[in-house]
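Remember, it's a predicted structure, so these values are computed and weren't measured experimentally.
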Amino acid sequence: HVQLVESGGESVQGAGPLRLSCVNSGGVYRSYCMGWFRQAPGKEREKVAHLYTGEGTYRYAYYYEDSVKGRFTISQDKTKNTVYLQMNALKPEDTGMYYCAANKWCDVNWYENADWGQGTQVTVS
């Protein structure tokens, strides 16, 4: 298992921007599938975005939920074992608890057997 710590969530008015960070401090493998999920009160958790941290590419190397395409960007800093989520043009419906997840395997169902961080709250009004 890996150890994931999210940060960067805030309460903001208007479009932002905000940038969330997820640090993988317990990983022992060369590459992971890492991504962001969110959950609003009374609603189910939903996928936001993910990437593959390795040098190669694969079918599911990048993913963005339709509702965030063109507004959110996922990226990484390999030297810091950190994945970022840049969030521009924020809307009230983006409000929720944002969670980081990671899995050694990066296939279509990678998130079903992933390790999770504690979450960071984003509130847009």
Please give me the minimum heavy-atom distance between Gln86 and Pro17, naming the atom from each residue.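 The pair with the smallest heavy-atom distance is NE2-CB, 3.6 Å.
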
If you group Ile, Leu, Val, Met, Phe, Trp and Tyr by side-chain heavy-atom gaps below 4.5 Å, do Tyr62 and Val48 land in one group? yes

Determine, step by step, whether Phe72 and Leu18 satisfy the side chain to side chain contact (heavy atoms under 4.5 Å, CB included) criterion, reporting the C-alpha distance in whole Å, the side-chain angles of both residues, the deciding distance to 0.1 Å, and the verdict. CA-CA 10 Å; Phe72 292 7; Leu18 289 177; over 6 Å; no

[atom1]/[X]: more than 12 non-hydrogen atoms of other groups inside 6.0 Å:
X     : atom1 : result
Lys80 : NZ    : no
Asp77 : CG    : yes
Gln13 : CD    : no

I would like to know whether Phe37 and Trp116 meet ring-ring contact (aromatic ring centres under 6.0 Å, His included); could you show each step before the answer? CA-CA 10 Å; Phe37 296 73; Trp116 296 86; 4.9 Å; yes

Does Asp115 reach the side chain of Gln3, with side-chain heavy atoms less than 4.5 Å apart?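 No - every pair of side-chain heavy atoms lies 4.5 Å or more apart.
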
In the structure I gave you, are the side-chain heavy atoms of Tyr64 and Leu51 within less than 4.5 Å of one another anywhere? no

Can you tell me how the ring of His50 sits relative to the ring of Tyr63, calling it parallel under 30°, perpendicular over 60° and tilted otherwise?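 It falls in the parallel class, under 30°.
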
For Lys43, what residues pass the salt bridge (Lys or Arg N to Asp or Glu O under 4.0 Å) criterion, not counting sequence neighbours?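 None.
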
Under a 3.5 Å distance rule, please check whether Glu6 uses its side chain to pair with a backbone N or O of Gly119 as donor and acceptor. yes

Please check: side-chain N/O of Thr82 versus main-chain N/O of Val23, any donor-acceptor pairing under 3.5 Å? no

Partners meeting side chain to side chain donor-acceptor pair (under 3.5 Å) with Ser75 (sequence neighbours left out): none

Can you sort out the partners of Ser11 under side chain to side chain donor-acceptor pair (under 3.5 Å), two or more places apart, ordered by chain and number?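 In terms of side chain to side chain donor-acceptor pair (under 3.5 Å), with neighbours along the sequence ignored, Ser11 is linked to no residue.
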
Going through the distances and angles, do Asp94 and Arg38 end up as a side chain to side chain contact (heavy atoms under 4.5 Å, CB included)? CA-CA 9 Å; Asp94 294 317; Arg38 66 187 180 187; 2.9 Å; yes

Should Asn24 and Thr53 be marked as a side chain to side chain contact (heavy atoms under 4.5 Å, CB included) after you check the CA-CA gap, both sets of side-chain angles, and the distance that decides it? CA-CA 11 Å; Asn24 179 353; Thr53 68; over 6 Å; no

